[in-house]
Amino acid sequence: MTNPHTDEHCLAIFERLSEYIDHELDTVTCEDIETHLNGCQCCHSCLETLKRTVALCREMKPDPVPETLSSRLKDLIRRLQ
Ligand SMILES: [Zn+2]
């Protein structure tokens with residue numbers, strides 16, 4: 001099985017997932033991400049993981065998205081590749 005995260009589109013989706021969760025993106029971008037997530041099992045499971053991480057962070061801190069989230073996300077991408 002080839003890793004779909006070597007795909008450039010997957011990386012672009014990945015970089016926007018935290019914004020997507022926080023509803024910071026416009027409708028067109030959201031639809032683009034949703035279309036990709038529906039066809040990409042790997043990105044879909046990453047979204048679920050990220051959602052849990054964000055929920056966990058929110059429980060611990062009043063700050064909605066910690067600064068470290070994007071760097072943690074990049075670390076995750078690197079490990080998946
Ligand atoms: Zn993908």
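Whatever order the structure lists them in is the order used to number ligands and atoms, beginning at 1.
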Would the distance check show the side chain of Thr29 and the main-chain N or O of Leu25 forming a donor-acceptor pair, the cut-off being under 3.5 Å?
no
Within-4.5 Å side-chain heavy-atom neighbours: Lys51 and Val54
no
Approximate separation, where rounding is to 0.5 Å, of His44 NE2 and Thr49 OG1
10.0 Å
Of the backbone and side-chain N, O or S atoms of His44, does one lie nearer to the Zn ion (ligand 1) than 2.8 Å?
no
Looking at the Zn ion (ligand 1), is one of the N, O or S atoms of His9 less than 2.8 Å from it?
no
Work out which heavy atom in Leu37 is nearest to a heavy atom in Tyr20; give both atom names and the distance.
CD1-CE2, 4.3 Å
To 10°, measure the SG(Cys10)-the Zn ion (ligand 1)-SG(Cys40) angle for me.
120°
